[in-house]
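Each ligand, and each atom within it, is numbered from 1 in the order the structure gives. Atom set for the values below is all heavy atoms of this structure, side chains included, hydrogens, waters and symmetry mates excluded. Just so it is clear, the structure is predicted and the values come from calculations on it, not from any experiment.
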Amino acid sequence: MDRKNPEVSVVVPLLNERDNIGPLYEQITQVLTDKYDYEIIFVDDGSSDDSFAVLARLQKQDVALRVIRFRRNFGQTAALGAGFAHARGKIIIAIDADLQNDPADIPELIAKLNEGFDVVSGWRKKRHDNAITRRLPSVIANWLIAKITGVKLHDFGCTLKAYRSEVLAETKLYGEMHRFIPALASWNGARIAECVVNHRPRTAGTAKYGLGRTLKVILDLITVKFLGSFSTKPIYIFGGLGLLSAFGAATAGLAVLYQKFISDSHLAMNRNPLLVLTALLITATIQFILMGLLAELLVRTYHESQNRPTYVIKEILESPADDGDEE
Ligand code: UDP
Ligand code: MG
């Protein structure tokens with residue numbers, strides 16, 4: 001086995017999953033052994049039970065295991081991010097630690113990836129979670145995410161996904177954003193597929209999320225959409241709103257003048273509520289345009305400070321450089 005360059009890295013974020021780690025480790029190992037060169041990266045996201053002790057014990061017996069331990073709880077997205085950053089495989093699989101995802105689905109995800117996709121997302125078609133706090137919000141959130149990002153998946157929230165490592169190298173993860181990787185990747189030209197996967201009820205440990213996550217997901221969606229569509233041209237959004245309110249200001253202002261000087265009403269200008277609206281919209285116009293310009297400054301700092309190009313190159317064909325000292 002090639003420890004430095006495994007084909008497959010399995011990344012498992014976990015928080016207080018003491019009783020699930022052993023069985024999960026067995027199941028993953030059973031599925032992958034003899035099929036692939038693989039490594040399993042467990043990321044302990046600040047567990048307060050003895051999850052880490054369990055991991056340490058397993059790691060001593062198996063060179064395919066790597067364990068990353070956070071100093072405190074940073075959240076599932078951060079844990080996945082750390083796992084992705086340390087993964088050495090060309091194919092990276094993310095999977096939950098609570099045994100709700102089934103490692104038996106991994107070969108199918110990999111097979112699909114090898115058909116020529118860059119991300120293959122699991123779809124928990126028969127989901128075993130609370131109907132009111134999890135399944136209903138998830139249906140709505142998935143519909144909304146698909147509509148807004150234009151990426152048609154049924155189950156963005158399913159952790160079980162397979163990625164080509166290049167795809168992950170490009171994405172930085174914030175908030176609850178791991179679920180948007182397929183959308184971000186697809187905007188960069190990646191090909192995305194979906195695969196129905198098994199989903200099992202949780203039998204040990206407790207669920208870490210409730211309804212509150214849906215709100216975070218929706219706020220993240222707004223950010224992702226904004227960054228995806230306008231991060232290099234924020235003035236288009238702010239300036240657009242600015243022009244809209246300028247148009248409103250002009251309309252309201254003309255109406256005030258009309259009512260004062262032309263129509264029969266001869267409404268005094270200082271009694272006319274439309275005058276207040278005009279002033280308000282003029283202020284809004286100025287604010288929007290200035291905010292747009294500020295955003296333009298920020299964008300330049302953002303891209304230039306990180307040396308982030310505003311495009312993604314797939315490959316370059318060229319002849320070897322001519323070093324200029326030919327006779
Ligand atoms: N998890 C984590 N950090 C957190 C919360 C959760 O690493 O702050 C892990 C958790 O141990 C599990 C996975 O993320 O492996 C999904 O959590 P959970 O099962 O509670 O969520 P759900 O399946 O309901 O999405
Ligand atoms: Mg779960």
Side-chain angles (χ1 to χ4, degrees), residues 9-28 40-55 58 65-87 92-106 121-142 145 153-161 173-182 197-218 220:
S9 298
V10 180
V11 173
V12 191
L14 67 103
L15 174 67
N16 299 338
E17 305 283 3
R18 179 182 67 192
D19 299 322
N20 291 318
I21 294 169
L24 178 72
Y25 164 73
E26 299 287 329
Q27 291 177 17
I28 297 178
I40 308 176
I41 304 179
F42 281 101
V43 186
D44 178 4
D45 183 14
S47 295
S48 52
D49 65 358
D50 44 10
S51 291
F52 184 75
V54 177
L55 290 171
L58 289 172
L65 259 192
R66 299 166 69 197
V67 178
I68 297 172
R69 184 187 199 179
F70 279 0
R71 231 168 237 293
R72 64 166 170 86
N73 176 244
F74 285 93
Q76 189 189 357
T77 300
L80 281 167
F84 293 160
H86 286 82
I92 299 177
I93 309 281
I95 187 167
D96 276 345
D98 57 0
L99 296 170
Q100 291 199 267
N101 297 137
D102 187 348
D105 289 316
I106 294 176
S121 180
W123 171 14
R124 299 163 292 181
K125 207 167 178 178
K126 279 214 189 84
R127 198 171 157 181
H128 296 274
D129 277 320
N130 185 298
I132 302 295
T133 61
R134 304 303 308 279
R135 273 167 29 214
L136 180 69
S138 148
V139 168
I140 299 170
N142 281 312
I145 297 173
L153 288 181
H154 291 90
D155 190 5
F156 287 88
C158 180
T159 306
L160 182 55
K161 291 186 170 74
L173 302 177
Y174 301 93
E176 284 288 319
M177 279 194 190
H178 62 89
R179 72 195 56 242
F180 296 113
I181 299 174
V197 296
N198 190 12
H199 192 243
R200 311 180 285 195
R202 209 186 230 284
T203 52
T206 49
K208 272 88 195 166
Y209 300 104
L211 207 52
R213 176 153 73 173
T214 312
L215 295 178
K216 293 189 192 161
V217 167
I218 288 172
D220 280 342

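Ile145 places a side-chain heavy atom less than 4.5 Å from the side chain of Val217. Inter-residue side-chain proximity for Ile95 and Asp105 is flagged as unmet; no heavy-atom pair is nearer than 4.5 Å. Within the 4.5 Å cutoff, side-chain heavy atoms of Arg127 are placed close to those of Ser138.
Here the straight-line distance linking atom CG of Asp50 with atom CG of Asn16 works out to 9.5 Å at 0.5 Å rounding. How far CZ of Arg134 is from OG1 of Thr214: 7.5 Å, rounded to the nearest 0.5 Å. With rounding to the nearest 0.5 angstrom, the CG atom of Asp102 is 10.5 Å from the NE2 atom of His199.
Between the side chain of Lys208 and the backbone N or O of Thr206, at least one donor-acceptor pair lies under 3.5 Å.
The cationic atom of Arg72 (NZ for Lys, CZ for Arg) does not lie both less than 6.0 Å from the six-membered ring centre of Phe70 and within 45° of the ring axis.
Near the Mg ion (ligand 2), less than 2.8 Å away, sit the protein N, O or S atoms Asp98 OD2, Gln100 OE1.
We find that Arg135 and Asp129 are not joined by a salt bridge, their nearest charged nitrogen and carboxylate oxygen being 4.0 Å or further apart.
Sorted by chain and number, the heavy-atom contacts of ligand 1 below 4.0 Å come from Pro13, Leu14, Leu15, Glu17, Asp45, Asn73, Gly75, Gln76, Asp96, Ala97, Asp98, Gln100, Arg134, Arg202, Ala207, Lys208, Tyr209, Arg213.
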